[in-house]
Each structure stands twice: as structure tokens, then as C-alpha cells.
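Below you'll find the structure, written out as C-alpha cells, and then a few comments.
Values below: every heavy atom of this structure, side chains too, minus hydrogens, waters and symmetry copies.
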Amino acid sequence: MKLNKQNAPKIIIICCAVIIVSVLTALVAPAIFSVKPENHAFADGKQQGVDFSTDFDVAVSGGNLQKLLINSKNGAVALASSKGNIVFNSMSADAARYSLANVLSVRLRDKKGNVYSMNSTDNSVDFGTFEVLGIDSTKATVSFRLFPDAESAQQGVENADIYAVISVDFTFEGSSFTAAVDTTKVALPKGFCLEKISILPGLFSVNKGVSGESYIIPDGCGAQIDLSAKNQEDYTLELGVYGADATFHAQSAGAYLPYFAYAKKGCLVNAIITEGDALSEITVKKFADGGGYLYNTFTVTACGIVKDRYVKGPSYEGVISQSYTISEKQTDYNVVAQQVRQHLLRNGYIAEKTGEKFNDLPFFINVIGSVDGKGSLTSFVDATEITTLLKSRGVRNIALRYSGAGSNGMQSTAGAGQRISSTVGGADGLSDAVSKITGQGNTFWLDVNIANNRANYNKRTVTIYSDSLRFAGYASKDFTLAGSDDISRNVSKWYKSLQDYPAADVCLNDCSKLLYTDVADDYNRQDMLDNIRNSTSALGAQRGVMLTEPAAYLLSNADAVFSMPEAASCQHVSGVSVVPVLQMAIHGSVVYGSSYMNVSNLSGQDALLKCIEYGAVPSFLFTHSSGSTLDYNAYVAQTAAFYSDAKQILPMLDMSMTSHSSVVPGVYKVTYDYSRVVYVNYNPSVVEVDGIMIPAKDFVII
């Protein structure tokens, strides 16, 4: 607009108005968002309107005569085995006992962050506002219109203030059926968002439990929970698939794989989260006197309080789904592992075979260069000395991972990481170390951070837990979460800087531990999963990539995982057995290391046996510091001895682990590609199994 005497007063008024509004917004907005949102739970938890009869009038057939049954009167969904017995009922008496007798359990939020909880039974079935439609031989759809009360239900979605219209598609294919919700088709009042949704949460509910009844969950390497076992108190575990959302939660143990399963004599049902895996949190509860429940919740819109303010992330727009596979012949964790492996292969998360990076059994060694960039625990010259000595002792293939090379040590960002610390030898020292170590026939892996930014960046600071720092006697470091656009830029920075070291490979130090909602750049966790996966693939195209943890969605880009969990967080609970579902799912597709053997809770020989049993290559944590408990000099002899024994598993390195079992107490049998067999004996005496004598504290390969 052209400025003249006539319109000048108008411009002044407009500018003043804008300033006033901006000031008011700055003053009022913090006050609004600092108010803690309210919770409104409309479901009374009694679910007295549920009819628990087995009068199912809708049947969708699967392979092997298995069926998915639906009761059009109460919306109940059940699975029938090939013999026609009801295996699971979403509205069973056990599900009702735990207030889980629903097809759907949902949580909405309004624009102020207030929470509204509803479920398909109390808020739709009881009001008669649901219907079964779209029925054919393999598919049926159940549509629920949920309302907080009867009056709102009578008014309908046109007049109700609070409601949700959600359809669930049930599809049977072979011996599996999929339950799916398309979030783009969910209808909500203006200003509301769908925060959380659980599909069939009561399907695996069990009262008391009988012998042979168990849950199989992705806790650590895997855990099997005996539902008939007695405990001193109830136990609850929540496992965020691929870890907790770092934007809203402190870092905690999560699930490396997207599955949860129920097993009993003659039947196993394995639920694999097929779409929306990064949005998932698996909840398991084991009651003191036996029994429990197990289900998954999708966080469609991540919300929460961050620094005393309500923060809402972007909603996921797409399909969320769980696929349930029924097995009636084999009913243990081996079946779960095989099915999860096939899912990972179908979705391109893992490769059929390991790459060509290792033509000999690698020995994983992590050396700490500098913690803060000021003091050195292991210089580049020291690292070369370590590999040279181990080579002379017969360790013929070393994968040396170097942590803390950047100017800020182990807290270096992508930009700072390119400035190699002079404390450990500078850029010339790194170049010389890479040349000499790879010239010995080894590989050199430089730790890189790409999911964090400089400290003054306006993002939330999180603590990234570090085993290596803890064992070295240092606290874990704080990082600032990178935005989604920053991640690709950080990868580009590393890509350019690493051109000076063509023989160096990279170890993704942070992004295989972190998955989070990027509120500022409007990325939910599923978007971030795709972004990190696509961004890091550029590194994998030019050089080797190692992960610090087995983030399933990055495995297809990786040649190795430095360390794999060999335990479960719930293993202290009575009736819990640790099982290697994770190892079985990915062995033969990527090379992975054991936990640090020189700081293991196991004795030296038992640590080696665990390594053999779980199909891992040995890994150690070293420094070149005489005052450190990690000084490599104390472990040279042990390292060489372990390598001499462990190299016997080289022929199985690219084979899939097809079965794992305990054959007698303290003895395990592991089969690769249905042909090669390994027996591992933890007992202090010789044990005979299958006519084979297995020496004390030793293993035999057939």
C-alpha cells in the first residue's frame, strides 16, 4: 500500500494493534499453557452392559479352518482355533475383571490439553451406537460412535460436544488376522485430537493362570513370563517400542522389536505391530497371585508437560495395525522369533544375509578417546598400539570403535565432531591411526552423533545413557535433540568431513538410542523413524555403518551392532525366563557383539559361553590409561584366549538361528539353518546330551 497523508493514520493504528496483540500473547500464552490439563474419564470401569455369551453371529474365516468371530449385539471379537474352540474373547470375564473388555480404548485431548477417556463398551455398545458392516469371507468392519453419556449419544455427532467415530477393519489372511484403524478417517469435534488408542486390549487377559500359560515380550533380548507363578507383589512394565519418546519422557528401557505374544498348551498367538510401530507402547501386568494382562497402545498424537508447559506434537495420519498369527503345533518363543524375523524381512528392516564387511570373525573393541575433549584416556597412537599388541597375540580381525574423538569429546555434535580434538592426536593423528589400523587388516569405526545439536539450540536437553562412560567412572552426557531437518544436515556434515578418512567407517552413537517427536518441525515419531532411516542410508552407501544398539528400523543400513542385550529388565520377577528372541530374529542378517565382556556381571568363562549361546562376537571396552579399571593391559591375555575360542562360530556368522532351547538344566542347544548345532554347558561338570559329551564350562559344535 502506498503511504500518503490519507492512509498514514490507518497504518499507525494497525501497527499499534499488532504490537498490543503480540504483547498480550506473550503475557497470556505462558499462563494458559502452564495450567495442568484436566482428566475426564467417562468409562466407569464396571462394564456391566457387556454380554459375555458366545453367541457370535458373524464369522470371518482364515486358513486351517481358523475363524475370527464377531458378536453384532455387543461388539465382542474372538478367535476360534481350528477345532472350533474359542481361544480368545476381547470381552471375556477376565478382560472385564481388569476393565479391558473393549474392542477400542481411546483418549482424546481438546485444544487446552484436557483429557477425555472413552472405550467402545461403555461409550458405544451400551448406547447402541455401533454396527458391523462391510462383511465378506475374509473381512469385516466394526464402526463405533463413542459418546461420554447417553444424552450425547441421543443427540448424535451433529450436536454432541464430545464424540469420536472410529472404524476397525478386521482382515483374515491364512492363519493371521489384522486389526487396523485408519486415523485419517477418525471423526472428532473441532479442536480435538486422538491422543491414544488401544485395539483389543483385553484379548490376552488371564485370571490366575495355569501351568504352561505365559506371555512372551520384547523386554531386552526377550522374556517369557509364567502366568501361574506367584510373586510377592504385582508387577507392571511399560515398553515403548524403540524406546521412550525423548521429547516427553526420560530415557528408559524399551522394546527393540514390535511384538507381544501369549502362549498356552496347544496354542500361541503372536501379535506383531505391523503399522505405527514407532507410536507403540506395550503394557504387561503380572499379578502377585498369578494371571495378568498384555496389550499395546498407539500414541497417535504425542502430548505432555514439558518444562511446566503443555506441549502437543503433530498427529500421525495413516494406518495403525496389529497382526495376530495363530500357531497350534509349536507354541514357544522360537515360533515368535521366526515370525518376527519374517516380518522384519518383508518390511526391509533386515537383509537376508550379512554383508561382505567381515570375511573373518571380528573382535569388537570400544576405546574411549576423550570424555570432554580436554583430557585423553586413549589417543590415536594408543589405539594403534592396542590393535598391534592384540594382533601379535592372534586376534586376527579387530573392529575398533573409537569414541570421543571430537573437540568436545563424547558430547561432540556434528559440527564439533568434525574438529578432531588435539588432545587425542588431531586430524593428522586420526588419519595416521585409520591408515595403520586398517592396514593391519582391521576395521576402524568412528563414533558420530547426528541426533543432537549445539547446547544453546532451542530444543529440549536429554540425558543419553552411556554404558561406556559409566564403566569408565563418568556421568552420562546431556544432549540437545536435533530437529528433523537438522538430522539430514548433520549427516551431510559427517559425509563431507569423512572424505578425509576414506578407510574409516562410522558408528551411529546416538540415533540408534533415540527416537522422538519433533514438535517444532511437525514430525511425529513415525515420521522421525522414516527420516532417520532415510538420512543414515546415505552414510551406509559409502562406508560401513555400525549401531550402538539394535534399532530394528536401522538394521538394513548397518553392517554391525556393537552390543546386544543379553538380559531383561523384568528378569528379577518370579517365573520370568530370559529368552533370545531378539538374537534369533536378526542373526544371519547383521553381525552383532556381546555386552562388554570385561565388565560383565558374569564370570569370564560364563561371559564367553553366553556370547556363544547367543551367537554374538566378543566385545570389550578399553582405555589406554594405567589408572583406569578399563586399562587394556589387564585384559590382553583374556582377550586373546576368548578370541581363540569364539572364532569357532565363524561358519555360523551368516546363518539364521532357527531354534534355541534348554535341553537339561544349565545346558542349551542352538540350531543354525536347521543343520549346525551348538551345545553350551554352564555346569561345573561334564554333561551328556543326545549322546554327546559336553565338557564342563564349555561348548561343542556339531
Cation over ring face, Lys647 and Tyr643, 6.0 Å, 45°
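Not satisfied by the 6.0 Å and 45° rule.
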Which label fits [X] and [Y]: parallel for a plane angle under 30°, tilted from 30 to 60°, or perpendicular past 60°?
{"X": "Tyr349", "Y": "His343", "value": "perpendicular"}
{"X": "Phe642", "Y": "Phe620", "value": "tilted"}
{"X": "Phe562", "Y": "Phe364", "value": "parallel"}

[X] to [Y] - nearest heavy-atom pair and separation:
{"X": "Ile386", "Y": "Phe622", "value": "CG2-CD1, 4.3 Å"}
{"X": "Leu621", "Y": "Tyr596", "value": "CB-CD2, 3.5 Å"}
{"X": "Pro565", "Y": "Pro550", "value": "CD-CG, 4.2 Å"}
{"X": "Thr301", "Y": "Ser315", "value": "OG1-OG, 2.6 Å"}
{"X": "Tyr516", "Y": "Arg525", "value": "C-CG, 3.6 Å"}
{"X": "Thr536", "Y": "Asn557", "value": "OG1-ND2, 3.6 Å"}

Salt bridge (Lys or Arg N to Asp or Glu O under 4.0 Å): pairs with one or both residues in residues 387-409, sequence neighbours excluded
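Every pair satisfying salt bridge (Lys or Arg N to Asp or Glu O under 4.0 Å) with a residue in residues 387-409: Asp360-Arg396, Arg401-Asp447.
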Crowded around Lys353 NZ? As in, over 12 foreign heavy atoms under 6.0 Å?
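Counting neighbours around NZ of Lys353, more than 12 heavy atoms of other residues, nucleotides or ligands fall under 6.0 Å, so yes.
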Using the benzene-type ring in the case of Trp, are the ring centres of [X] and [Y] under 6.0 Å apart?
{"X": "Tyr242", "Y": "Tyr256", "answer": "no"}
{"X": "Phe380", "Y": "His624", "answer": "no"}
{"X": "His587", "Y": "Tyr672", "answer": "yes"}

For the residue pair [X] and [Y], confirm or rule out a side-chain donor-acceptor distance under 3.5 Å.
{"X": "Asn366", "Y": "Ser403", "value": "yes"}
{"X": "Gln583", "Y": "Tyr592", "value": "no"}
{"X": "Tyr682", "Y": "Gln605", "value": "no"}
{"X": "Thr378", "Y": "Thr623", "value": "no"}
{"X": "Asp245", "Y": "Thr517", "value": "yes"}
{"X": "Ser626", "Y": "Asp631", "value": "no"}
{"X": "Gln526", "Y": "Asp277", "value": "yes"}
{"X": "Asn509", "Y": "Asn449", "value": "yes"}

Could you check whether Arg489 pairs with Asp486 (Lys NZ or Arg NE/NH1/NH2 to Asp/Glu carboxylate O, under 4.0 Å)?
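Judged by the 4.0 Å cut-off on N to carboxylate O distance, Arg489 and Asp486 do form a salt bridge.
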Is a salt bridge present between Lys513 and Asp510, judged by a nitrogen-to-oxygen distance below 4.0 Å?
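Looking at Asp510 together with Lys513, the answer is no, because their closest N to O distance does not fall below 4.0 Å.
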Intermediate values then yes/no, side chain to side chain contact (heavy atoms under 4.5 Å, CB included), Ile649 and Val678
CA-CA 9 Å; Ile649 68 171; Val678 179; 5.7 Å; no
Would you check if the side chain of [X] reaches a backbone N or O of [Y] as a donor-acceptor pair within less than 3.5 Å?
{"X": "Asp432", "Y": "Asp428", "result": "no"}
{"X": "Asp654", "Y": "Ser589", "result": "no"}
{"X": "Asp219", "Y": "Ser569", "result": "yes"}
{"X": "Asn524", "Y": "Asp527", "result": "yes"}
{"X": "Ser280", "Y": "Gly276", "result": "yes"}
{"X": "Gln571", "Y": "Ala568", "result": "yes"}
{"X": "Ser488", "Y": "Ser535", "result": "no"}

Evaluate the criterion side-chain hydrogen bond (donor to acceptor under 3.5 Å, both in side chains) for residue pair Ser370 and Ser421; output intermediate values, then yes/no.
CA-CA 8 Å; Ser370 176; Ser421 173; 5.2 Å; no
